[in-house]
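Chain identifiers are assigned alphabetically (A, B, ...) following the order of the sequence lines, protein sequences preceding nucleic acid strands; residue numbering begins at 1 within each chain.
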Amino acid sequence: MYPDGVRHRDPGTPPMLDAAFVRDHLDAVKANIANRGVTADVDAVLRLDDERKRLQRQADETKAKQNQITDAFKKATPEERAKLKEESGKLKEQVAGLDALLKEAELELRKALSVIPNMTHPKAPVGAGDTANVTVAEFGTKPAFDFKPKDHVELCQLLDLADFEAGTKVAGQKFYFLKNEAVLLELALIQYAMTKLVAKGFTPVITPDLAKVEILEGIGFQPRDTAETRQVYTVADSDLCLIATAEITLGGMHADQVFAEDDLPKRYVGLSHCFRTEAGAAGRDTRGIYRVHQFTKVEMFAFCTPEHSDAIHEEIREIEQDIFLGLGIPFRVIDTCTGDLGGPAYRKYDLEAWMPGRGNGGDWGEITSTSNCTDYQARRLGIRYRPKEKKGGGLPFAHTLNGTAVACTRAIIAILENGQQADGSVLVPEVLRPWVGKDRITAKR
RNA sequence: GGAGGGGUGGCAGAGUGGUCGAAUGCGUCGGUCUCGAAAACCGAUAUACCAGCAAUGGUAUCGAGGGUUCGAAUCCCUCCCCCUCCGCCA
């Protein structure tokens with residue numbers, strides 16, 4: 001327990017190194033913070049780190065004295081022993097005081113460090129907000145309709161694919177029941193993605209849908225934010241949260257572990273439900289299943305050595321492209337700019353599908369996202385590896401990457417809106433037909 | 001949920017108050033031997049933080065936290081986790 005009454009991960013380990021990095025790259029860290037448009041007090045980090053070191057030195061020296069007394073005790077005469085006991089008692093009090101101060105200093109430092117974002121890939125576009133995002137590629141052709149395309153909400157109603165009213169009745173706004181072919185589509189998408197990824201050597205897992213606060217924090221979420229800004233649901237009377245993505249559980253899976261270098265890279269594909277409060281998104285995308293509190297997602301995650309993370313990031317992006325090319329959905333690839341990167345991400349690509357029913361006459365909508373988080377998450381979760389060739393002290397941190405294989409709701413929107421026909425039916429993507437069991441979704445009578 | 005057993009280094013496993021950061025075995029790395037390999041033999045092999053250019057030194061860690069003690073892997077308390085058996089259950 002810490003002075004704030006909250007349990008944190010072992011303070012003796014990982015994030016402390018961050019301070020050394022900040023110290024050594026002061027200008028770069030400050031520039032990065034500016035590029036990302038966040039506020040973080042770098043100087044406070046240095047100040048708190050100095051304070052922590054000072055206290056640690058003091059505490060260590062006092063403990064060393066105590067140990068000397070213990071050593072002297074054996075050969076001491078009874079009179080000397082009485083004296084040593086007294087002296088040790090005094091030192092004990094000092095140590096207790098210093099340790100308390102040290103813990104507090106570590107906590108303060110941790111807080112200051114926690115708001116410093118990851119460094120940024122040199123090729124990531126620089127810009128505020130999402131204004132400087134760069135479209136790096138576009139795939140497929142937008143469908144040319146000779147009729148006015150419907151949006152997915154209308155299609156769901158006409159084809160009886162979802163029940164939003166029942167969702168609201170049972171669980172509230174932004175919950176939904178999938179029905180009929182939408183259910184089969186979701187299951188088919190899972191199968192399709194899983195099959196593809198297993199073939200590529202990813203280890204399939206089904207993860208818990210809940211995770212501990214400390215794991216969320218390690219991944220870079222802020223479950224302790226106020227209810228107004230918190231992105232995840234917390235479970236009352238517990239230290240658990242509903243996960244917002246399997247990235248959380250997949251990353252946490254190897255927390256506090258040391259990989260052998262030969263075991264890396266490790267690639268996982270995880271299936272989970274995802275729960276999001278959508279705090280701060282009030283009023284946006286209120287229709288249909290675009291922005292909902294619960295959805296199903298197949299997520300990729302990789303642990304690797306630092307020299308491989310750039311390549312694996314590209315690999316994951318290509319898999320995402322491959323998945324949506326296979327579904328026949330037109331999409332574009334965005335290289336996310338500094339102002340739009342999350343704290344943990346070093347670089348991030350988003351895939352945006354063309355959604356003919358979105359906005360006025362169609363618009364792009366995010367369907368996947370892949371981030372290279374370098375060692376940001378690994379530091380917080382204590383994920384290291386043992387290098388084949390020992391080079392000096394310390395075990396290096398692994399790099400972590402994540403990427404959406406399929407977020408079912410968004411994929412379903414893209415499938416329905418792009419596959420719709422003049423007669424109101426929807427063509428099922430060929431790759432999904434074996435699981436859906438039909439070529440076309442038509443209205444029920 | 002009930003009863004019992006247990007959590008020690010990469011793994012296995014000893015250790016019940018100081019001589020223990022910790023025997024031994026396996027694994028790994030280096031060496032000897034060999035044309036090469038295996039075997040055998042010799043040696044090395046936890047992590048983090050602090051000080052130092054470094055050599056090195058200091059501190060902490062035997063599931064977590066607290067306590068007793070000059071001194072705790074070892075004794076006491078609380079919590080967590082794992083295993084076995086029983087009960088319950090999709």
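For the C1' atom pair drawn from B:U28 and B:G66, the interatomic distance equals 39 Å after rounding to whole Å. Nucleotides B:A14 and B:G6 are separated by 15 Å at their C1' atoms, to the nearest Å. The same atom, C1', is picked in B:A22 and in B:G9; the two are 9 Å apart, to the nearest Å. B:U34 sits 42 Å from B:G21 when the P atoms are compared, rounded to a whole Å. Using C1' as the reference atom, B:G71 and B:G18 are 6 Å apart when rounded to the nearest Å. Between B:C82 and B:U74, the two P atoms lie 23 Å apart (nearest whole Å). Comparing B:G67 with B:A60, their P atoms sit 16 Å apart, to the nearest whole Å. When the C1' atom is compared between B:A48 and B:C85, the two are found 41 Å apart, to the nearest whole Å.
Side-chain contact annotation: A:Thr374 with A:Asn118, donor-acceptor N/O pair under 3.5 Å present. In this model, no donor atom of one side chain and acceptor atom of the other lie less than 3.5 Å apart for A:Gln56 and A:Arg52. Judged purely by distance below 3.5 Å, without hydrogens or angles, the side chains of A:Thr245 and A:Lys297 pair a donor atom with an acceptor atom.
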Anything under 3.5 Å between a protein N or O and an N or O of nucleotides 68-70 of chain B, put it in a table, one pair a line.
| unit_1 | atom_1 | unit_2 | atom_2 | d |
| --- | --- | --- | --- | --- |
| B:C70 | OP1 | A:Lys85 | NZ | 3.2 |
| B:C70 | O3' | A:Ser88 | OG | 3.4 |

What protein N or O atoms touch nucleotides 79-82 of chain B N or O atoms at under 3.5 angstrom, if any, and at what distances?
none

Taking N or O atoms only and anything under 3.5 Å, show me the protein contacts with nucleotides 57-59 of chain B, one pair per line.
| unit_1 | atom_1 | unit_2 | atom_2 | d |
| --- | --- | --- | --- | --- |
| B:G58 | N2 | A:Asp60 | OD2 | 3.1 |
| B:U59 | OP1 | A:Asn67 | ND2 | 3.0 |
| B:U59 | O2' | A:Asp60 | OD1 | 3.0 |

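Residues that satisfy the side chain to side chain donor-acceptor pair (under 3.5 Å) test with A:Asp163, not counting sequence neighbours, are absent from this structure. In terms of the side chain to side chain donor-acceptor pair (under 3.5 Å) criterion, residue partners of A:Glu181 (sequence neighbours excluded) are, by chain and number, A:Lys438, A:Lys444. Applying the side chain to side chain donor-acceptor pair (under 3.5 Å) rule to A:Gln321 yields the partners A:Arg317; only residues at least two apart in sequence or on another chain are considered. For A:Glu315, the side-chain contact (heavy atoms from CB on, under 4.5 Å) test picks out A:Phe202, A:Arg267, A:Ile312, A:Ile319, with sequence neighbours left out. The ring-ring contact (aromatic ring centres under 6.0 Å, His included) search around A:Phe301 returns A:Phe303, not counting sequence neighbours. Considering only residues two or more places apart in sequence or on other chains, A:Arg440 meets the side-chain contact (heavy atoms from CB on, under 4.5 Å) condition with A:Gln421, A:Asp423, A:Ser425, A:Leu427, A:Thr442.
A side chain to side chain contact (heavy atoms under 4.5 Å, CB included) with A:Phe221 is found for exactly one of A:Leu216, A:Val213, A:Ile243, namely A:Leu216.
Comparing B:A48, B:A46, B:C50 by their nearest atom to the side chain of A:Arg386 picks out B:A46.
With a 3.5 Å ceiling on both atom-pair distances, B:G9 lacks any Watson-Crick or G-U wobble partner. The partner of B:A46, taking Watson-Crick or G-U wobble pairs whose two distances both stay under 3.5 Å, is B:U61.
Evaluation of the side chain to side chain donor-acceptor pair (under 3.5 Å) test over residues 183-211 of chain A, restricted to residues two or more places apart or in two chains, returns A:Glu186-A:Thr296, A:Lys196-A:Asp322, A:Thr207-A:Thr249, A:Asp209-A:His273. Contacts classified as side chain to side chain donor-acceptor pair (under 3.5 Å) and involving residues 80-91 of chain A (residues at least two apart or in different chains) are given here: A:Thr77-A:Glu80.
Atom OH in A:Tyr385 sits about 17 Å away from atom C1' in B:G10, given to the nearest Å. Separating the CZ atom of A:Phe259 from the C1' atom of B:G10 is a distance of 14 Å, rounded to the nearest angstrom. Following rounding to the nearest Å, A:Leu91 (CG) and B:G71 (P) show an atom-to-atom distance of 10 Å. When rounded to the nearest whole Å, the span between CG of A:Asp256 and C1' of B:G10 equals 16 Å. Rounded to whole Å, the distance from CZ on A:Arg57 to C1' on B:A48 is 17 Å. Atom pair A:Leu264:CG and B:G10:P shows a separation of 16 Å (rounding to whole Å applied). Between the P atom of B:G10 and the CZ atom of A:Arg384 lies a distance of 12 Å, rounded to the nearest Å. Atom CG in A:Asp71 sits roughly 9 Å away from atom C1' in B:G18 (whole-Å rounding).
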Sequence neighbours excluded and cut-off under 3.5 Å, please list the side-chain donor-acceptor pairs for residues 166-175 of chain A, or say none.
| unit_1 | atom_1 | unit_2 | atom_2 | d |
| --- | --- | --- | --- | --- |
| A:Thr168 | OG1 | A:Phe164 | O | 3.0 |

